[in-house]
Amino acid sequence: MTKIAFLFSGQGSQYAEMGKELVERIPCPADLLEKIEKGEFESTAVVQPAVFAVSCAALQAAREAGIFQAVANPHSIAVGGHSLGEYAALVACGAITLEDGFKLLEIRGEIMQKAAENPENKGGMAAVLGLDNEAVEAACAEITGGGDYIAAVNYNSPGQIVVAGTENALTKAEELLKSKGAKRVLRLAVAAAFHSELMKNAAEEFKARIANFNFKMPELPFYSNVTGAVLEDSAFSNMPDYLARHICSPVRFADQLFAMEKDGFEAFVELGPGKVLSGLVKKTLPNAKVCNIEDLKSLEAAKEALL
């Protein structure tokens, strides 16, 4: 039996009317559905629950189609996400309910939006193409050692790394990374330096505000951004701490994919808007079978490919 890994989309994949025909099938805040239809993604506080809603709707569609069969084959599937996508993955593995997922992201989105608007956190992110991890990390260390702050924060695929830091550091990094052989250094349209040390205060506030949420042990293997491997049960015993670390820790997505491949997963299904993660899987694991589910058309294609 083919082992299938289900991956959940992250922030930045949103677009107007994304997954509308699927989202209408799940319990979703009415105002959120309206914003999805109109493409009103004016803030992080709106984007996060919107992407989460589409991802969970795609999960429900995959279940109804018989693609996601956790109960029947608990050892043949696993879940993971990219940044924000981990929250839909937590729903998929049974660690949180859909309702609590929306509540968690309401708090997370509010806190991260506040952090982005704080002048003390002023910063941004940039994608670096064509350099290996060590070269990017060395450049970041050189700039940080000079008094500015920048770090590698998203290890997306071999040759594609995202850095985050202060405005001054990003300006310096563009020149330095190109001198080291980077093909391109692209500034990203984000509000802050997410997954970096500049988000530590936001992470601590988030941890305090979600302390009383009910988290359960996973029913399926959950591959972590923070560790790049299967998350141990001990982490699920203290999820507020893990989810706080997740806000200011690098996303080790490529390591996740390598770990999944090592554990025998051959097919990868992206659940949520767009095909960003599908593209990263193809770059990282060229021999993997890859598909996505974001609407009824892609659902039918996935059924044909997998069932």
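Just so you know, these numbers use all the heavy atoms, side chains as well, and skip hydrogens, waters and symmetry mates.
When side chains are defined from C-beta on, Met112 counts as touching Met199, because their heavy atoms get closer than 4.5 Å. Taking the side chain as every heavy atom from C-beta outward, Cys56 and Val23 never approach each other to under 4.5 Å. Looking at Met18 and Val51, their side chains come closer than 4.5 Å, going by heavy atoms from C-beta outward. Taking 4.5 Å as the limit, some side-chain heavy atom of Ser55 sits within range of a side-chain heavy atom of Pro273. Between Phe68 and Val269, the closest side-chain pair of non-hydrogen atoms is not below 4.5 Å. Looking at heavy atoms from C-beta onward, Phe215 lies in side-chain contact with Leu243 at the 4.5 angstrom threshold. With contacts defined as side-chain heavy-atom distances shorter than 4.5 Å, the pair Leu220/Ile77 qualifies.
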Verify side-chain contact (heavy atoms from CB on, under 4.5 Å) between Lys289 and Leu306, making sure each step is shown before the conclusion.
CA-CA 9 Å; Lys289 179 184 289 187; Leu306 297 169; 3.9 Å; yes
Trace of the side-chain hydrogen bond (donor to acceptor under 3.5 Å, both in side chains) decision for Thr171 with Asn168
CA-CA 5 Å; Thr171 300; Asn168 283 342; 5.6 Å; no
Please walk me through it: do Ser9 and Lys275 pass side-chain contact (heavy atoms from CB on, under 4.5 Å)?
CA-CA 8 Å; Ser9 309; Lys275 299 179 182 178; over 6 Å; no
side-chain contact (heavy atoms from CB on, under 4.5 Å) between Leu59 and Val79: does it pass, once the steps are laid out?
CA-CA 11 Å; Leu59 169 65; Val79 300; over 6 Å; no
Side-chain donor-acceptor distances from residues 253-265 under 3.5 Å, at least two apart:
residue, atom, partner, partner atom, Å
Gln256, OE1, Asn225, N, 3.4
Gln256, OE1, Asn225, ND2, 2.4
Gln256, NE2, Tyr223, O, 3.2
Asp263, OD2, Tyr223, OH, 2.5

Cut-off 3.5 Å, no hydrogens considered: what does the side-chain donor-acceptor table look like for residues 182-192, sequence neighbours left out?
residue, atom, partner, partner atom, Å
Arg187, NH2, Glu167, OE1, 3.0
Arg187, NH2, Glu167, OE2, 3.3

Sequence neighbours left out, cut at 3.5 Å: what donor-acceptor pairs do the side chains of residues 92-109 make with other protein atoms?
residue, atom, partner, partner atom, Å
Thr97, OG1, Asp100, N, 3.0
Arg108, NE, Tyr87, OH, 3.3
Arg108, NH1, Gln48, OE1, 3.0

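Hydrophobic clustering (ILVMFWY, side-chain heavy atoms < 4.5 Å, transitive): Ile210 and Phe222 are in one cluster. Cluster annotation: Phe236 and Phe8 are assigned to the same hydrophobic cluster (Ile/Leu/Val/Met/Phe/Trp/Tyr, side-chain heavy-atom contacts under 4.5 Å, transitive). No single ILVMFWY cluster, assembled from side-chain heavy atoms under 4.5 Å apart, contains both Val153 and Leu129.
Annotation for Ala164 and Phe194: closest pair CB-O, 3.9 Å, computed over non-hydrogen atoms. Summarising the geometry of Lys207 relative to Pro240, their closest heavy-atom pair is CG-O, 3.8 Å, with the distance given to 0.1 Å. Between Arg209 and Phe213, the shortest heavy-atom distance links the atoms O-CE1, 4.3 Å. For the residue pair Ser83 and His195, the shortest heavy atom distance occurs at OG-NE2, 2.6 Å. Contact detail for Ala244 and Ala203: the closest heavy-atom pair is O-CB, 3.2 Å. In plain terms, the two heavy atoms of Cys28 and Leu33 that are nearest each other are SG-N, 4.4 Å.
Ion pair Glu24/Lys20 flagged as a salt bridge, since at least one NZ, NE, NH1 or NH2 atom sits closer than 4.0 Å to an Asp/Glu carboxylate oxygen. At a threshold of 4.0 Å, the pair Lys35-Asp31 does not count as salt-bridged, since none of the basic side-chain nitrogens sits closer than that to a carboxylate oxygen.
Under a cut-off of 6.0 angstrom, the local environment of NZ in Lys3 is crowded, with over 12 non-hydrogen atoms contributed by other residues, nucleotides or ligands. Counting non-hydrogen atoms of neighbouring residues, nucleotides and ligands closer than 6.0 angstrom, the CD atom of Glu304 reaches no more than 12 such neighbours.
Of the possible donor and acceptor atoms, none in the side chain of Glu142 sits under 3.5 Å from a partner among the backbone N and O of Cys140. Not one N or O on the side chain of Gln60 forms a donor-acceptor pair closer than 3.5 Å with the backbone of Arg25.
Each of Glu117, Gln11, Lys114 was compared with Thr44 under the side-chain contact (heavy atoms from CB on, under 4.5 Å) criterion, and only Gln11 meets it. The side-chain contact (heavy atoms from CB on, under 4.5 Å) test with His82 singles out one residue from Val251, Val276, Leu7, and that residue is Val251.
The structure places CD of Glu270 at 4.0 Å from OG of Ser278, a figure rounded to the nearest 0.5 Å. Note: Ser224 OG to Arg245 CZ = 7.5 Å, rounded to the nearest 0.5 Å. Put simply, CD1 on Ile143 and CG on Leu176 are 5.0 Å apart, with the number rounded to the nearest 0.5 Å. Interatomic distance, Glu175 CD to Leu170 CG, rounded to the nearest 0.5 Å: 13.5 Å. Taking CZ from Phe52 and CG from Leu90, the interatomic distance works out to 9.0 Å, rounded to the nearest 0.5 Å. Annotation: the span from Ile67 atom CD1 to Ile4 atom CD1 amounts to 7.5 Å, rounded to 0.5 Å.
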